[in-house]
Amino acid sequence: MKYSLNLPSLSNLEKKYVLDVIKTGWLSSNGTHTQIFEKKFSRLINRKHSLAVQNGTAALHLALKSLNCKPNDKVIIPNYTCVSNISSVAQCNAIPIIVEVEKETLGLDYNLVKKAIDKYKPKILQLVHVYGHPAKDTVKIIKLCKTKGVKVIEDASEALGATLNKKKIGSFGEISVFSIRSEKMIGVGEGGMISTNNNKIYQKISLLASRNAPYRKKKHPYWKKYFHLGEGYNYLLPHLLGAVGRAQIERFSKDMLIRKKQVGNFYKKIFKNKDYSLTQKIIKNSSPVFWLNSLFFKNLNKKEVIKLAHLLEKKGIEIRSGFWPMSDLKGFKSIYVKDKEKISKELFEKTLVLPSNVNLKYKDIIKFKKEIEKNIPKK
Ligand SMILES: Cc1ncc(COP(=O)(O)O)c(C=O)c1O
């Protein structure tokens, strides 16, 4: 496609660090570049510890495990999000409690969360920031969870660099997780990051991610190295990707973040139309990163939206649909907290996600608008 949804941004710095890894021959996990990457990542989001892992889904799984998520425990997740939020809960044989999102930022709705906590007494809640916008009720939900003894995993996979009340997204939850696959705010191909201020949780995550083998340091005797405490995973990020990650985090604030915000601001300026509008609002005291920009066609039906998407794709404009609501994914055992407003279903049927890559120019977004106006059914 001529206009991609998202593109990785690579430079000579990534090349330099990757070549360095090849020269040294240390391809496995825990290499120096990865360690520097983790430290710089922590600094960026104001957290004490970060651990680089193989993907965001693994990060969610580890986060749940580190909070002792057991079979039949209940975990609140939003209805409008990536499948990894529900599948990570399924991986623990726990029960996802699906709660509807609010209309402005597409984050979890506080009032519905409150009801769900009172009714289902969950152990954990996954709070997701969708498409780079800080979830509107973040502070209220975190406070509520604290008083009710519910642990919060903040999923900032789509919002690295965003802030709410001047505080970094990814520094609100007990644990925060990030996807760093190629099309995210930073990308290494396939990768993830887990961050926390809690030393005990960090130790537990590190252990679980490296096969739950506690005696792997140089100082330990060789005959203890194959002792394992129990179920564990092989989730650590390989050093080649850690090297890419280091370069990405070093370039992020002065390059990709600025260009991403610029593209988001172009969208904001160009799409002010009464029949369709940008799906999300910028709420007070928030600084979104516009990972993806999308339009909500309130006056079109599902068929018309699909037809419009096909016409745009013919013009080289890559389109992504909204998320399939978690409550409609029948392959998962879950409890859906019914709400009279079916926000996620409407979002799925009437949203088109448009190209948001860092290379887009003002004139490109103008072109998208022209193509939409030319092809949108007149009512
Ligand atoms: C909100 C959210 N959580 C989790 C994930 C899973 O990350 P990964 O694809 O790296 O497994 C993604 C995206 O891919 C995501 O958007």
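Start at 1 and go down the list; that is how both ligands and their atoms are numbered. Atoms considered below: every heavy atom in the structure, side chains included; atoms not considered: hydrogens, waters and symmetry mates.
- Salt bridge K350/E346: present, at least one basic N to carboxylate O contact under 4.0 Å.
- Residue contact check: C82 has heavy atoms under 4.0 Å from atoms 2 (C), 5 (C), 12 (C), 13 (C), 15 (C), 16 (O) of ligand 1.
- Heavy-atom proximity to G191, at under 4.0 Å, picks out these atoms of ligand 1: 10 (O).
- Y276 does not carry K298 over the face of its six-membered ring by the limits of under 6.0 Å from the centre and within 45° of the normal.
- Atoms of ligand 1 lying under 4.0 Å from any heavy atom of V128, numbered from 1 in the order shown and given with element: 1 (C).
- A cation-pi contact, defined as under 6.0 Å to the ring centre and within 45° of the axis, is absent between R246 and F37.
- Checking only distances, T57 does come within under 3.5 Å of ligand 1, N or O to N or O.
- With respect to atom 6 (C) of ligand 1, the closest heavy atom belonging to the protein is S84 OG, 3.2 Å.
- Under the 4.5 Å side-chain heavy-atom criterion for ILVMFWY residues, no single connected hydrophobic cluster contains both V75 and V337.
- Classification of D255 and R259 as a salt-bridged pair holds, one side-chain N sitting under 4.0 Å from a carboxylate O.
- Ring-centre distance between F290 and Y131: not below the 6.0 Å cut-off.
- When only interatomic distances are considered, the shortest N/O to N/O separation between T81 and ligand 1 does not fall below 3.5 Å.
- If you number the atoms of ligand 1 from 1 as listed, the ones under 4.0 Å from a heavy atom of K184 come out as 12 (C), 13 (C), 14 (O), 16 (O).
- Given atom 16 (O) of ligand 1, the protein heavy atom at minimum distance is E158 OE2, 2.6 Å.
- Not close to ligand 1: A59, with no non-hydrogen atom less than 4.0 angstrom away.
- Distances from ligand 1 to the non-hydrogen atoms of H129 include no value under 4.0 Å.
- Annotation: cation-pi pair K225/Y215 absent, no NZ/CZ under 6.0 Å from the ring centroid and within 45° of its normal.
- Taking the charged nitrogens against the carboxylate oxygens, D109 and K103 have no contact shorter than 4.0 Å, which rules out a salt bridge.
- Nearest protein neighbour of atom 9 (O) of ligand 1, counting heavy atoms only, is R181 CD, 3.3 Å.
- Here the heavy atom of the protein found nearest to atom 8 (P) of ligand 1 is G56 N, 3.4 Å.
- The heavy atom nearest to atom 7 (O) of ligand 1, out of those in S88, A156, S179, is found in S179.
- Summarising the geometry of E318 relative to L5, their closest heavy-atom pair is OE1-N, 2.9 Å, with the distance given to 0.1 Å.
- The nearest non-hydrogen atom to atom 3 (N) of ligand 1, considering only D155, V188, N55, I180, comes from D155.
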